[in-house]
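Keep in mind that this is a model prediction, so the values were computed, not measured.
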Amino acid sequence: SIASIAPLFTMNQSGASLSIVSAKSAGFKVQVFDMLGNKVQEVMSNGASANLVLKSKGVFQVKATSESFQQVFTVKSL
């Protein structure tokens, strides 16, 4: 049988503010890339969560990475 895999990270957005929470990892990195692939921000988690404010408007790829897992979110900041 095929088991479903729950996402390791969840993200909540309120305007330009992002909150990423890990279900299993207490230490992870969050990187923000513009649509050209340029890294524009990077933060380390504070325990099982990381909070950041997008510094500019646009569409971004937000990559959360732990030791063994990576998840990418696409976000829009107006």
Is the closest side-chain heavy-atom distance between Met11 and Val75 below 4.5 Å?
-> yes

Interatomic spacing from NZ in Lys63 to NZ in Lys39 - rounded to 0.5 Å | 9.0 Å

For residues 51-61, which residue pairs qualify under side-chain hydrogen bond (donor to acceptor under 3.5 Å, both in side chains), counting only residues two or more places apart or in two chains?
-> Ser19-Asn51, Gln61-Thr74

Mind checking whether Val43 and Leu8 sit in one hydrophobic cluster, side chains of I, L, V, M, F, W, Y counted as touching below 4.5 Å?
-> yes

Within one Ile-Leu-Val-Met-Phe-Trp-Tyr cluster: Leu52 and Val40, side-chain cutoff 4.5 Å | yes

Measure the spacing between CD of Glu67 and NZ of Lys24 and express it to the nearest 0.5 Å.
-> 14.0 Å

Between atom CE of Met44 and atom CD of Gln31, what is the distance when rounded to the nearest 0.5 Å?
-> 9.5 Å

Ring centers of Phe9, Phe28 separated by less than 6.0 Å = yes

Can you check whether Lys76's main-chain N or O pairs, donor with acceptor, with Gln13's side chain at less than 3.5 Å?
-> yes

Does Phe33 share a hydrophobic cluster with Val62, counting links as ILVMFWY side-chain heavy atoms below 4.5 Å and allowing steps through other members?
-> no

Minimum heavy-atom distance Gly47-Ser45, with the two atoms named = O-OG, 3.1 Å

Can any side-chain N or O of Ser14 pair as donor or acceptor with the backbone N or O of Ser17 at less than 3.5 Å?
-> no

Separation between CD1 of Ile20 and CZ of Phe73, rounded to the nearest 0.5 Å = 7.0 Å

For Asn38, look at atom CG and say whether over 12 heavy atoms of other residues, nucleotides or ligands are found less than 6.0 Å away.
-> yes

